Amino acid sequence: MAVLGVPELALVALVGVSGSGKSTFARRHFAPSQVLSSDAFRAMVADDENDQSASADAFDALHYVAGKRLRAGRLTVVDATNLQPHARAALVRVAREHDVLPVAIVLDVPEALAWARTEARADRTFGKQVLARMSRDLRRTYAQLAREGFRKVHVLRGVDEIDAAQIRFERLF
Ligand code: ATP
Ligand code: MG
């Protein structure tokens, strides 16, 4: 069973394709108020959690709130795919600006499973090609993550590892 060490005060970036189980993982391990999800911020700024044209404003708002939380010493989890280098760089920047450690937790499930889950959801309507692109982005992410400034990179491969994972919050002092 994987025990993931996470500093008590951290900015935790979940990383994974749609349907990998990020929101489920966040619900299981963190309090609702600790989790900032890109879906929720799209809904806040555009009344529609799937409105991709609202992403820039949604992430501006998400980063702003993350900064407020980190300044107040509150652990913050970012529930977004975080598959693009620029998305992760923005999170590392917010963490550094507040002297907080950025940590990545990668959820890696087989693409077929992510697709089956996505197809079954009424609130996700994108096609298989979109998921295939996310899977390619995830493969690239592995090579990039180590040098992006994350203090720790935890990788959970497959549903069993994801379901068995526990988080141990670590004191910094
Ligand atoms: P998105 O990026 O689209 O928001 P996500 O990574 O947040 O996706 P979830 O919403 O957590 O994914 O999960 C997608 C679907 O898969 C949900 O219907 C959820 O119930 C199911 N699921 C997620 N994790 C698990 C799990 N560990 N075991 C069984 N089912 C799961
Ligand atoms: Mg989600």
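Just so it is clear, the model here is predicted, and its values are computed rather than measured. Each ligand, and each atom within it, is numbered from 1 in the order the structure gives.
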Got a sec: is Ser37 within less than 2.8 Å of the Mg ion (ligand 2) via an N/O/S atom?
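Coordinating: no.
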
Under 3.5 Å side-chain donor-acceptor pair for [X] and [Y]:
X	Y	answer
Thr76	Arg69	yes
Arg42	Asn50	no
Asp51	Ser53	yes
Ser20	Arg117	no

Judging by distance only, is a nitrogen or oxygen of [X] under 3.5 angstrom from one on ligand 1?
X	value
Gly19	yes
Ser18	yes
Ile162	no
Asp79	no

Please write down residue, atom name and distance for the protein heavy atom closest to [atom].
atom	answer
atom 4 (O) of ligand 1	Arg124 NH2, 2.9 Å
atom 12 (O) of ligand 1	Gly21 N, 3.2 Å
atom 2 (O) of ligand 1	Lys22 NZ, 2.7 Å
atom 20 (O) of ligand 1	Thr24 OG1, 4.3 Å
atom 10 (O) of ligand 1	Arg121 NH1, 3.4 Å

Can Leu14 be said to touch ligand 1, with heavy atoms closer than 4.0 Å?
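Judged by the 4.0 Å heavy-atom criterion, Leu14 does not count as contacting ligand 1.
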
I'd like to know if Gly16 contacts ligand 1, where contact means a heavy-atom distance under 4.0 Å to any ligand atom.
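Under 4.0 Å: no for Gly16.
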
Give me the ring orientation class for Phe25 and Phe30: parallel if the planes are under 30° apart, tilted from 30 to 60°, perpendicular past 60°.
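It falls in the tilted class, 30° to 60°.
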
For ligand 1, which atoms sit closer than 4.0 Å to a heavy atom of Val17?
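Those of ligand 1 that fall under 4.0 Å from Val17 are 6 (O).
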
Can you name the atoms of ligand 1, numbered from 1 with element, that are less than 4.0 Å from a heavy atom of Ser20?
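Near Ser20, meaning under 4.0 Å from one of its heavy atoms, ligand 1 has 6 (O).
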
Between Val6 and Arg168, is any pair of side-chain heavy atoms under 4.5 Å apart?
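No. Closest side-chain heavy atoms not under 4.5 Å.
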
Validation row: Leu107, Leu14 side chains within 4.5 angstrom (heavy atoms)
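Result no, sub-4.5 Å side-chain heavy-atom pair not found.
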
Should the proximity of Asp163 to ligand 1, defined as any heavy atom under 4.0 Å, be assigned to the side chain, the backbone, both, or neither?
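Looking at Asp163 and ligand 1, just side chain atoms fall under 4.0 Å.
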
Heavy-atom closest contact (His154 atom, Val103 atom, distance):
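Of all heavy-atom pairs spanning His154 and Val103, the closest is CD2-CG1, 4.1 Å.
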
Please find the pair of heavy atoms, one from Val15 and one from Ala104, that lie closest to each other, and give the distance.
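Taking every non-hydrogen atom into account, CG2-CB, 4.5 Å.
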
Nearest to atom 30 (N) of ligand 1 by heavy atom, Arg117, Arg27, Glu161, Arg28: which?
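Of the listed residues, Arg117 has the closest heavy atom.
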
Is it true that atom CZ of Arg74 has more than 12 heavy atoms of other residues, nucleotides or ligands lying nearer than 6.0 Å?
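No, the 6.0 Å shell around CZ holds no more than 12 heavy atoms from other groups.
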
